[in-house]
Every structure is written in structure tokens, then in C-alpha cells.
Amino acid sequence: MRQAGAYSGLVSASLSGRLGPHSLPLARIKKIMKNSGDDVKMISGEAPIVFSKACELFIQELTKRSWMVTMQGKRRTLHKEDVASAVMATDIFDFLVNLVSDETSDHLLAETPLEEMETFSLNI
């Protein structure tokens, strides 16, 4: 059996049912991992912890970049358009472009003249 290492503080059990100082529920992450494919049968105890940390870092990076867009617009409220702009402007978030492009096209659709909107509604 392995001994507790330098990261043993990260995996100490708490009363809330979570392991360590994670803000994301590990049971939910494990459930998502199991539902990700039919070939996933068992998941080690450390895997949800790693995914939790990765998700936290991802959310933190996306939020920081979105906040920079908000500040450039001289606002103090983060909007979904700021997140979409941050995704579009950052190469590492290219895998999200399809998700936010639908939202930005909805925003552009609201600003489209009525004649053009009728052709859009036929295509949707």
C-alpha cells in the first residue's frame, strides 16, 4: 500500500463527502465519466480528483480571459457575449467555437433587418 505523499492534503476526506479542497462534486464527475462511454467500467479514486482540478483550471482560465473582454468594454458585468469573444479570440479554446458561434449568431440575428430575418427563419 502506498504511503501518503506531498499531496496527501488534497485527498483528505471531509464531512461533505468530497475529497480535498475541491469545489466540484467528485461523485458527479465520476458519474459523468461513467456515462461517457459503454467501455468505461471502473474508475480509480484519483481520476475524478484530477478531472476536478482540470475543470477548475479550465473554468478559471476561461473566466480570466472573458473578464479581460469585459474590462475592455468598460463594464463590470460579465455577459455571455464576453465569454464567446474570449473563446473566439483564443486558439486553445477552438474546440468551443461551435458552441459559442450558435449563441453569437443568435445575437447577430436580433440585429438583422426584417427582410434578411425571413430568409434566416426559413433555414432554421
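Within the 4.5 Å cutoff, the side chain of Met88 has heavy atoms near those of the Val97 side chain. Counting heavy atoms from C-beta outward, Lys53 and Glu56 have side chains that approach closer than 4.5 Å. Put simply, the side chain of Val87 reaches to within 4.5 Å of the side chain of Leu62, judged on heavy atoms. The shortest side-chain heavy-atom distance between Trp67 and Arg76 falls under the 4.5 Å cut-off.
Contact detail for Ile92 and Arg65: the closest heavy-atom pair is CD1-NH2, 4.4 Å. Pairing each heavy atom of Val40 with each of Ser36, the nearest pair is CG2-OG, 3.8 Å. Of all the heavy atoms in Arg75 and Met71, the pair that sits closest is O-SD, 3.8 Å.
Using cut-offs of 30° and 60° for the angle between ring planes, the Phe95 and Phe58 rings count as tilted.
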Q.
Checking Arg28 against Leu24 for the side chain to side chain contact (heavy atoms under 4.5 Å, CB included) test, could you report, in this order, the C-alpha distance in whole Å, the side-chain angles of both residues, the deciding distance, and whether it holds?
A. CA-CA 8 Å; Arg28 179 71 177 140; Leu24 298 174; over 6 Å; no
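For the atom pair CD1 (Ile59) and CD (Glu61), the distance works out to 12.5 Å, reported to the nearest 0.5 Å. Atom OG of Ser52 and atom CG of Leu57 lie 9.5 Å apart (nearest 0.5 Å). Distance CD/Glu81 to CG/Leu78: 10.0 Å, rounded to 0.5 Å. How far CG of Leu26 is from CD1 of Ile43: 11.5 Å, rounded to the nearest 0.5 Å.
No side-chain donor from either of Asp82 and Ser66 sits under 3.5 Å from a side-chain acceptor of the other.
Under the 4.5 Å side-chain heavy-atom criterion for ILVMFWY residues, a single connected hydrophobic cluster contains both Ile49 and Met33.
Counting non-hydrogen atoms of neighbouring residues, nucleotides and ligands closer than 6.0 angstrom, the CZ atom of Phe93 exceeds 12 such neighbours.
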